[in-house]
**Q** 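Here you go, one structure.
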Amino acid sequence: MDLRLLLIATLSAVLGGGWAQQEGSICIKANAQSCGECIQVAETCGWCSDETFLTVGESKSARCDDLESLKKRNCDVAKIENPRGSISIDKNKPVTNRKKDVAEKLKPEQITQIQPQKLTLTLRSGEPQTFELKFKRAEDYPIDLYYLMDLSFSMKDDLENVKNLGTDLMREMQEITSDFQIGFGSFVEKTVMPYISTTPARFKNPCTGNQNCTSPFSYKNVLKLTDKGDEFNQLVSQQQISGNLDSPEGGFDAIMQVAVCEEQIGWRNVTRLLVFSTDAGFHFAGDGKLGGIVLPNDGKCHMEDNKYTMSHYYDYPSIAHLVQKLSDHNIQTIFAVTEEFQPVYKELKNLIPKSAVGTLSSNSSNVIKLIIDAYNSLSSEVILENGRLPEGVSITYKSICKNGVEGTGENGRKCSNISIGDEVDVILFGAIWLCTPETIRIKPLGFTEEVEIVLNFICDCQCATEGEPDSKKCFEGNGTFECGACKCNDGRIGRLCECSKDEVRTEDLDANCRKDNGTDICSNNGDCVCGTCECKKRENPAEIYSGKYCECDNFNCDRSNNKLCGGHGRCECRKCICDANYTGSACDCSLETSTCLAKNGQICNGRGTCDCGICKCTNPKFQGPTCEICPTCPGVCAEHKDCVQCRAFEAGEKKDTCERDCSYFQLIKVKDRNQLPQPTDQSFPLTHCKERDANDCWFYYTYAIRNDTKEVYVVETLGMIGPAKC
């Protein structure tokens with residue numbers, strides 16, 4: 001696919017601090033005392049370097065004005081200092097045109113998918129710069145796929161179907177790439193109580209009855225990435241099921257090791273796919289306390305003899321920690337999970353960029369189709385990300401996707417449903433006030449290639465290099481004459497540096513610097529020099545005192561989310577002037593209701609009110625951003641559990657009232673789980689359920705409504721949990 005990306009970096013959002021063009025020019029209001037200070041106010045500001053420009057009584061800061069005003073005030077255009085930004089391309093290797101049917105194959109490091117690779121931007125405050133970035137996903141691009149499988153006892157039948165996955169998947173992936181590698185790993189749980197039984201007999205064989213199971217383990221790298229599918233089949237065929245006591249598994253420990261142990265796994269700098277297969281939930285950070293493990297996961301590789309050795313020492317990783325490591329190592333994750341846990345992993349997918357969820361049949365018979373479908377879904381979406389931005393730098397994205405569809409905000413980072421040959425424009429807006437060079441990097445998620453952008457900033461005028469120090473044109477040589485004006489030495493001020501900040505002020509002169517005959521001189525934000533307030537300068541040039549008595553500023557307005565005026569307005573004389581659709585003293589109350597729309601199109605799901613763009617749920621049972629989550633409302637499985645139990649096994653809480661309360665569905669018994677209806681076989685909604693009875697035994701069933709008839713298929717024998725006998 002070809003993507004054309006446009007990056008526009010503009011500094012205007014930070015510099016100037018939200019000044020408005022009213023009651024005179026923003027440039028004059030800034031009270032700039034030099035050309036360098038002037039050009040940092042705004043992109044529209046220029047400095048007149050003509051010595052004869054000012055009239056009697058005008059202050060030096062009057063040289064700084066918007067360009068049109070300077071021309072109207074008869075400043076010669078040749079004397080207007082107005083430096084502009086520029087772009088230079090430092091590295092511009094063309095993208096690779098690689099075809100699958102060509103005999104000559106390139107190594108991954110010889111393939112280029114992003115052009116150019118390095119640029120230098122010279123930026124002027126408030127002036128946008130635009131450059132074109134071309135991204136082309138190479139055809140027949142190599143793929144590494146690592147299959148990470150839950151080997152707890154409930155996945156026994158799944159293991160049988162995965163044993164031939166290597167050669168079968170190799171054959172299917174030939175349609176996508178001729179350079180494919182596959183690896184295999186397995187996980188169970190932390191090897192401490194209460195996750196497993198540590199008694200010698202149970203540790204040696206955690207399964208009951210005649211089942212022969214291997215000892216539990218946290219994570220094992222069974223096969224390093226290889227292009228030999230038969231080797232995958234051979235090693236996976238030798239694997240044995242294990243067991244543990246609790247239902248959630250230790251899969252997060254395994255994912256962390258797969259991500260950070262690049263050498264042990266054998267990851268190449270190509271498309272990296274991690275298939276995570278399970279029929280259970282997951283433990284995450286904090287759950288380790290149950291086993292006395294309190295040290296946070298360190299996110300480092302701890303593999304010896306292809307086994308994770310520190311599961312008893314470090315806690316499970318957090319979701320945020322996994323997101324960071326998967327992104328750092330350019331790994332795209334496919335969660336292959338059973339129907340029962342689809343909602344859980346779909347929520348997890350929303351937190352992990354470039355991930356997908358597929359419905360795994362109860363015995364993993366559809367795993368190859370699941371992987372192919374998920375890969376096609378991932379590869380049809382492009383998501384841009386940038387590295388950590390320096391303080392004072394911000395970027396927003398705008399994308400122009402297929403058929404001209406535009407995206408802004410977070411949606412501006414990505415385009416979906418991309419086909420080979422499609423072009424996408426992405427415009428990036430930046431806000432910068434720094435004066436030291438900085439470097440940022442932008443790349444598509446899931447790819448190792450990136451664009452390096454060096455940022456240089458114009459913080460002074462060219463004429464400043466021709467200044468005359470200690471000039472006779474300045475009062476008693478107390479300044480440097482540059483750009484047509486005196487730039488005063490420290491401690492001096494005034495048009496010709498004629499005043500000293502240390503000079504004794506007379507009462508009459510000070511009176512002109514007091515507002516409303518008060519006691520504060522220049523509102524304590526400036527100095528009274530020759531009867532006129534000269535406002536103080538702040539370290540951040542974007543923060544400005546203004547007004548006749550320096551009584552105003554543009555940085556002491558109310559804040560929200562640590563942003564001045566909530567990021568939705570400008571600060572004028574210590575009061576927020578809000579943008580359209582925002583109100584409040586800090587412009588933190590949105591008048592938009594789109595963020596409150598539930599999936600059914602109702603405001604707050606009809607169970608709350610939209611206040612400042614946030615739902616306030618009026619029904620205490622409901623919660624969540626749109627009042628759609630009801631933790632205490634029973635799910636499908638929990639709702640029908642008692643009736644299924646009494647009709648199928650003559651047990652449970654409704655055993656005595658079964659005929660009266662539970663005759664609303666048709667019951668069909670099957671011998672094992674393989675005979676339960678599968679999601680891919682049905683044209684109507686179907687839910688797979690796994691419930692536990694009072695004797696700690698599992699029973700499995702499906703619930704569906706077909707042609708207004710409620711159907712329940714149930715496995716006629718109970719399943720075991722650990723040492724329980726059912």
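Only this structure's heavy atoms are used, side chains among them; waters, hydrogens and symmetry mates stay out. Note that the numbering runs from 1 along the sequence shown for the chain.
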**Q** Just checking, K354 and F447: is the charged tip under 6.0 Å from the six-membered ring centre and within 45° of the axis?
**A**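 Verdict for F447: no cation-pi partner in K354.
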
**Q** Are side-chain heavy atoms of E716 and K671 found at a separation under 4.5 Å?
**A**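 SC-SC contact between E716 and K671 confirmed.
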
**Q** Please check: side-chain N/O of S327 versus main-chain N/O of V323, any donor-acceptor pairing under 3.5 Å?
**A**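 Between the backbone of V323 and the side chain of S327 there is no qualifying donor-acceptor contact (under 3.5 Å).
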
**Q** Is there a donor-acceptor contact under 3.5 Å linking the side chains of D611 and T609?
**A**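 The answer is no; no qualifying pair exists.
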
**Q** Applying side-chain contact (heavy atoms from CB on, under 4.5 Å), run through I331 and W267 and close with a yes or a no.
**A** CA-CA 10 Å; I331 295 173; W267 292 117; 4.0 Å; yes

**Q** Which residues pass the side-chain contact (heavy atoms from CB on, under 4.5 Å) test with D373, sequence neighbours left out?
**A**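 So D373 forms a side-chain contact (heavy atoms from CB on, under 4.5 Å) with K369.
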
**Q** Between A254 and L148, which heavy-atom pair has the shortest distance, and what is it?
**A**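 The pair with the smallest heavy-atom distance is CB-CD2, 3.7 Å.
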
**Q** So H640 and Y664, would you call those rings parallel, tilted or perpendicular, with 30° and 60° as cut-offs?
**A**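 Because their plane-to-plane angle lies in the 30° to 60° range, the rings of H640 and Y664 count as tilted.
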
**Q** Are F187 and F276, when compared by the centres of their aromatic rings, separated by less than 6.0 Å?
**A**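 Yes, ring centres under 6.0 Å apart.
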
**Q** Kindly check if the number of other-residue, nucleotide or ligand heavy atoms within 6.0 Å of NZ (K654) is above 12?
**A**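 Enclosed.
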
**Q** Are the side chain of Q238 and the backbone N or O of N233 linked by a donor-acceptor pair below 3.5 Å?
**A**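 No; judged by distance alone, with no hydrogens or angles, the pair does not exist.
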
**Q** Just so I know, are the side chains of P216 and N244 near enough to count as touching, which here means a heavy-atom distance under 4.5 Å?
**A**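 They are not in contact (no side-chain heavy atoms under 4.5 Å apart), so the answer is no.
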
**Q** Is L322 close to L351 at the side-chain level, that is, under 4.5 Å between some pair of heavy atoms?
**A**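 Answer no - side chains too far apart.
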
**Q** Quick one, H302 with Y314, criterion side-chain contact (heavy atoms from CB on, under 4.5 Å). Give me CA distance, side-chain angles, the key distance, then yes/no.
**A** CA-CA 10 Å; H302 298 287; Y314 288 117; 3.6 Å; yes

**Q** Quick one: list whatever passes side-chain contact (heavy atoms from CB on, under 4.5 Å) with C615, sequence neighbours left out.
**A**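 side-chain contact (heavy atoms from CB on, under 4.5 Å) check on C615 returns C596, C604, C627.
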
**Q** Show the nearest heavy-atom pair for residues S186 and L151, with the distance to one decimal.
**A**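 Reported closest heavy-atom pair: CB-CD1, 3.4 Å.
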
**Q** Is any side-chain heavy atom of D693 less than 4.5 Å from a side-chain heavy atom of F649?
**A**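 When only atoms from C-beta onward are counted, F649 and D693 do not touch, as no gap falls below 4.5 Å.
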
**Q** Would you check, one step at a time, whether the test ring pair (Phe, Tyr, Trp, His ring centres under 6.0 Å) holds for H283 with Y195?
**A** CA-CA 10 Å; H283 284 297; Y195 314 108; 5.3 Å; yes

**Q** Please identify each residue that fulfils side-chain contact (heavy atoms from CB on, under 4.5 Å) with K443, with sequence neighbours left out.
**A**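 K443 satisfies side-chain contact (heavy atoms from CB on, under 4.5 Å) with N330, E385, E450 only.
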
**Q** What's the spacing between Q257 CD and M303 CE if we round to 0.5 Å?
**A**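 That separation rounds to 6.5 Å.
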
**Q** Rounded to the nearest 0.5 Å, what separation is found between the CG atom of N205 and the OG atom of S242?
**A**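 Between atom CG of N205 and atom OG of S242 there are 8.5 Å.
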
**Q** I want to check something: taking the side chain as every heavy atom from C-beta on, are Y375 and L273 in contact at a cut-off of under 4.5 Å?
**A**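 Of all side-chain heavy-atom pairs linking L273 with Y375, at least one is under 4.5 Å.
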
**Q** Could you please spell out the steps behind the disulfide (SG to SG under 2.5 Å) verdict for C646 and C658?
**A** CA-CA 6 Å; C646 80; C658 193; 2.1 Å; yes

**Q** Output every pair passing disulfide (SG to SG under 2.5 Å) with a member in residues 294-364, not counting sequence neighbours, ordered by first then second residue.
**A**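 Every disulfide (SG to SG under 2.5 Å) pair that includes a residue of residues 294-364, provided the two are not neighbours, is C261-C301.
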
**Q** Taking all atoms of both residues into account, what is the closest heavy-atom pair of V222 and Y146, and its distance?
**A**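 Nearest pair, atom of V222 first, then Y146: N-OH, 4.4 Å.
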
**Q** Is there a side-chain contact (heavy atoms from CB on, under 4.5 Å) between E189 and D246 once you walk through the steps?
**A** CA-CA 9 Å; E189 187 55 275; D246 63 340; 3.7 Å; yes

**Q** So which heavy atom on K190 is nearest to which on I196, and how close?
**A**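 Scanning both residues completely, I find the closest heavy atoms to be O-CG2, 3.7 Å.
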
**Q** Please, which pairs that meet salt bridge (Lys or Arg N to Asp or Glu O under 4.0 Å) have at least one residue in residues 330-347, sequence neighbours excluded?
**A**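 Passing the test, one end in residues 330-347: no pairs.
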
**Q** Which label fits Y345 and F341: parallel for a plane angle under 30°, tilted from 30 to 60°, or perpendicular past 60°?
**A**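 It falls in the perpendicular class, over 60°.
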
**Q** If you count every heavy atom of other residues, nucleotides or ligands that lies below 6.0 Å from F203 atom CZ, does the total exceed 12?
**A**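 Atom CZ in F203 is crowded, with more than 12 foreign heavy atoms closer than 6.0 Å.
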
**Q** Would you say Q678 and S361 are linked by a side-chain donor-acceptor pair, where the criterion is simply a distance under 3.5 Å?
**A**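 Result is no, nothing qualifies.
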
**Q** Looking at F252 versus Y316, is the centre-to-centre ring distance below 6.0 Å?
**A**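 No, ring centres 6.0 Å or more apart.
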
**Q** Indicate, with yes or no, whether the SG-to-SG separation of C689 and C637 is under 2.5 Å.
**A**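 Cysteines C689 and C637 qualify as a disulfide pair, their SG atoms being under 2.5 Å apart.
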
**Q** With a 3.5 Å distance limit and no angle check, can you tell me whether D168 reaches the backbone of L165 through a side-chain donor-acceptor pair?
**A**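 Looks like no, no N/O pair under 3.5 Å.
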
**Q** Sequence neighbours left out, what pairs pass salt bridge (Lys or Arg N to Asp or Glu O under 4.0 Å) with at least one residue falling in residues 254-272?
**A**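 Non-adjacent pairs meeting salt bridge (Lys or Arg N to Asp or Glu O under 4.0 Å): D144-R268, D179-R268, E262-R272.
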
**Q** Start with the C-alpha gap between L360 and S277, add the side-chain angles, then the distance that decides, and say whether side-chain contact (heavy atoms from CB on, under 4.5 Å) holds.
**A** CA-CA 8 Å; L360 192 68; S277 174; 3.5 Å; yes

**Q** Do K641 and F699 have side chains that get closer than 4.5 Å, going by heavy atoms?
**A**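 K641 vs F699: side chains touch.
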
**Q** When you compare the side chains of D279 and T338, does any donor N or O come within less than 3.5 Å of an acceptor on the partner?
**A**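 No, no side-chain donor-acceptor pair sits under 3.5 Å.
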
**Q** Should the heavy atoms of other residues, nucleotides or ligands under 6.0 Å from CG of N350 be counted, would the total exceed 12?
**A**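 Yes, because the 6.0 Å sphere around CG of N350 holds more than 12 heavy atoms from other groups.
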
